[in-house]
There are 2 protein chains.
Amino acid sequence: MSALPDTASPLYEKVKDYILTNIGTGKWTKDSKLPSENEFVAALGVSRMTVHRALRELTSAGFLIRLQGVGTFIAPPKPQSTLIEINNIAAEIVARGNRHRSEVLVLEKITPTKELSLSFEFAKRTAVYHSVVVNFENDLPVQLEERFVNPSLIPDYDKQDFSKTATYDYLMQKTPVTEVEHIISAVPADAETARHLAINVGDCCLLLHRRTWTGAVVATISKLTYVGSRYSLGSRYSPSRKT
Amino acid sequence: MSALPDTASPLYEKVKDYILTNIGTGKWTKDSKLPSENEFVAALGVSRMTVHRALRELTSAGFLIRLQGVGTFIAPPKPQSTLIEINNIAAEIVARGNRHRSEVLVLEKITPTKELSLSFEFAKRTAVYHSVVVNFENDLPVQLEERFVNPSLIPDYDKQDFSKTATYDYLMQKTPVTEVEHIISAVPADAETARHLAINVGDCCLLLHRRTWTGAVVATISKLTYVGSRYSLGSRYSPSRKT
DNA sequence: ACGCGGGAAAAGTATATACATGTATGTATA
DNA sequence: TATACATACATGTATATACTTTTCCCGCGT
């Protein structure tokens, strides 16, 4: 009867997933106020303490901001951590004082292959958005960005003009990332990649596979190919950070 | 009457302070078990839920480890996070069920080049340890590991037998890492690298540059070269992790 | 028009209670 | 002796309840 998902086992985790998913789907926006604890109690049929724990943990995780006597709000997007930042290539290029430009090669809605559907952890074969963008630094292509996006979380992905807004910025603004997976490898360029990046077949490329989750749902799957001789990924991390 | 400090205002924060203080003063040691929740209730005169919240938050902050049905223990020093783990190639290989073997090519004390001395942020040109090790997975070389180590932090680095103990394990045990810097790139193999890794010159390699700090001092500088076709780096990260 | 006071609403804390779940241990039985 | 069961104890979760603290807003009086 209740609107709670069937994902996590403890009840407060279900409430957390429920809230994160509804933030992801835009049910509550940045400006509006989330329901109060008592409204959640009425809507979900759980006790207030359980709702409170879910909200408290989401707050300490940085997703929400709560003001006593006022209400609960969605936290502004945070820089997350370490490896997540490396995806914002546009900001990096600009930060280096260079010019950034994008070229959108593909922006469509497709039926995923069986393998891709598996990566999305879909039960059924649901259509997903597919985009291919080349990012230039001073008119030199440095990155080929292929991305698959879950339309249940980001329904209007294909309405955007990604030659102006970076795909990264758009996604970060639309849905909170609760988990990230990265796989980094070095591969020789195939014919198509070489053409798009203006390099020779066989040249070294840095390949970054990336999956992001919002709650229990896979939000995006990306395949980022960097020209080895023109780009490297950097990160700096201090473990001495608190929750 | 109660042993609780007069520091923080909410009661559960006082309980947290109380527990942390007693860990700090050595009242409970690494091996012994902390009092049970009910024992805390009897000792401090607060409800079990309040004790539970204090213990839960200390656990999620990484100070404690709790086992249902067993008890509460002091957590071992932090396993750090994300990218740090990817350096322990020996553990990864073993975890995949494969055989790991190391070959030490160089283990010496050298005077660093001007550039290297700069990377160490040395004021004067101080001698550093230098090691080169090849790591094998089932007798196939997968990684070439060149490392420079600050002798003021790890004075007996050159006395070790790194064909037995992984350099990573040894360093992690000797000095705490407070900060890590990574730079990842894809490069073609040069002649010497190709020879050590049994690949062709020009083959794609994943190059990981790594610097670690202990406090304000650079502890290690590493250059890790992975065979692109035999290895990739993976990581998974949850901003809202529970542990 | 202005200010002030009071009440409603929201989050924060604390407790008592109950039950669930996992672990270790001792005892009875095959 | 070894296995199975019962039991005690530990943490984990869920609820109901009460009270506190803070903020917002509406209506009243001047």
Side-chain angles (χ1 to χ4, degrees), chain A residues 1-19 22-23 28 31-75 216 243, chain B residues 1-19 22-23 28 31-75 240-243:
Chain A
M1 46 152 269
S2 80
L4 291 179
D6 200 19
T7 50
S9 38
L11 191 46
Y12 69 89
E13 290 288 350
K14 285 183 185 164
V15 177
K16 284 168 71 177
D17 280 355
Y18 169 81
I19 293 171
N22 280 296
I23 291 177
W28 308 306
D31 307 317
S32 70
K33 193 161 66 169
L34 260 66
S36 73
E37 295 189 352
N38 284 324
E39 286 168 338
F40 274 122
V41 168
L44 302 179
V46 300
S47 79
R48 193 188 142 219
M49 289 305 293
T50 301
V51 171
H52 180 73
R53 175 165 178 184
L55 289 168
R56 176 154 46 83
E57 294 195 357
L58 289 177
T59 302
S60 103
F63 293 109
L64 302 177
I65 291 179
R66 314 195 75 194
L67 298 177
Q68 188 173 144
V70 183
T72 304
F73 305 87
I74 297 176
T243 8
Chain B
M1 34 151 250
S2 82
L4 289 180
D6 199 20
T7 51
S9 39
L11 191 46
Y12 68 88
E13 290 289 351
K14 285 183 186 168
V15 176
K16 285 167 71 176
D17 282 354
Y18 170 80
I19 294 170
N22 280 296
I23 291 177
W28 306 306
D31 307 317
S32 70
K33 193 162 63 169
L34 261 64
S36 74
E37 296 189 351
N38 284 323
E39 286 168 338
F40 275 122
V41 168
L44 303 179
V46 299
S47 79
R48 194 191 140 215
M49 288 306 293
T50 301
V51 171
H52 182 72
R53 176 165 177 185
L55 288 168
R56 176 155 43 83
E57 295 194 357
L58 289 176
T59 302
S60 100
F63 293 108
L64 302 176
I65 290 179
R66 313 194 74 194
L67 298 177
Q68 190 170 23
V70 183
T72 304
F73 306 87
I74 297 176
S240 61
R241 80 157 117 206
K242 31 186 173 176
T243 307

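Numbers restart at 1 for each chain; the letters A, B, ... are given by sequence-line order, proteins then strands. Given the structure is predicted, the values throughout are model-derived calculations rather than measurements.
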*In whole angstrom, what separates A/K33's NZ from D/dC25's C1'?*
12 Å
*Nearest heavy-atom neighbours spanning A/T59 and A/L64*: CG2-O, 3.5 Å
*When you measure from the side chain of B/R48, which nucleotide among C/dA18, D/dC24, C/dT15 comes out closest?*
C/dA18
*Nearest to the side chain of A/P10, which nucleotide is it out of C/dA24, D/dT13, C/dT13?*
D/dT13
_salt_bridge(B/R56, B/E37) N-O dist < 4.0 Å_ = no
_hbond_proxy B/Q68 side chain to D/dT11 base (donor-acceptor, 3.5 Å cutoff)_ = yes
*Measure from NZ on A/K16 to P on D/dA14 and round the result to the nearest Å.*
12 Å
*asked:* Under 4.0 Å, heavy atoms only, any strand: does B/L55 hit a base, just the sugar-phosphate, or nothing?
replied: nothing
*When the distance from CG of A/L67 to P of D/dT21 is rounded to whole Å, what number comes out?*
18 Å
_Rounding to an integer number of Å, can you tell me how far B/Y12 OH sits from C/dT13 C1'?_
8 Å
_Phosphate OP1/OP2 of C/dA11: any A/T72 side-chain N/O under 4.0 Å_ = yes
*Closest-nucleotide 5' rank along DNA chain C - winner of A/G71 and A/R56*: A/G71
_Without decimals, in angstroms, what is the distance between B/E37 CD and D/dG12 P?_
7 Å
*Watson-Crick or G-U wobble mate for C/dA30, both contacts under 3.5 Å*: D/dT1
*Once you round it to whole Å, what is the distance between C1' of C/dA11 and CD1 of A/I19?*
14 Å
*What is the distance, rounded to the nearest whole Å, between atom NE2 of A/H52 and atom P of D/dA14?*
15 Å
*How many Å lie between CZ on B/R66 and P on D/dC9, as a whole number?*
18 Å
*Closer to the 5' end of DNA chain C via nearest nucleotide, is it A/G69 or B/R53?*
A/G69
*Which atom pair, heavy atoms only, marks the closest approach of A/K33 to A/G71?*
CD-CA, 3.9 Å
*Name the residue closer to the 5' end of DNA chain D, choosing between A/M49 and B/S36 according to the nucleotide with the nearest heavy atom.*
B/S36
*Taking OP1 and OP2 of D/dT13, is either one under 4.0 Å from a side-chain nitrogen or oxygen of A/T50?*
no
*Where the side chain of B/S47 is concerned, which of D/dC24, C/dG12, C/dA16 is the nearest nucleotide?*
C/dA16
*Nearest heavy-atom pair of A/S47 and A/V41: which atoms, and what distance?*
C-CG2, 3.8 Å
*Step by step, work out the side-chain contact (heavy atoms from CB on, under 4.5 Å) result for A/F40 and A/I19.*
CA-CA 10 Å; A/F40 274 122; A/I19 293 171; 4.1 Å; yes
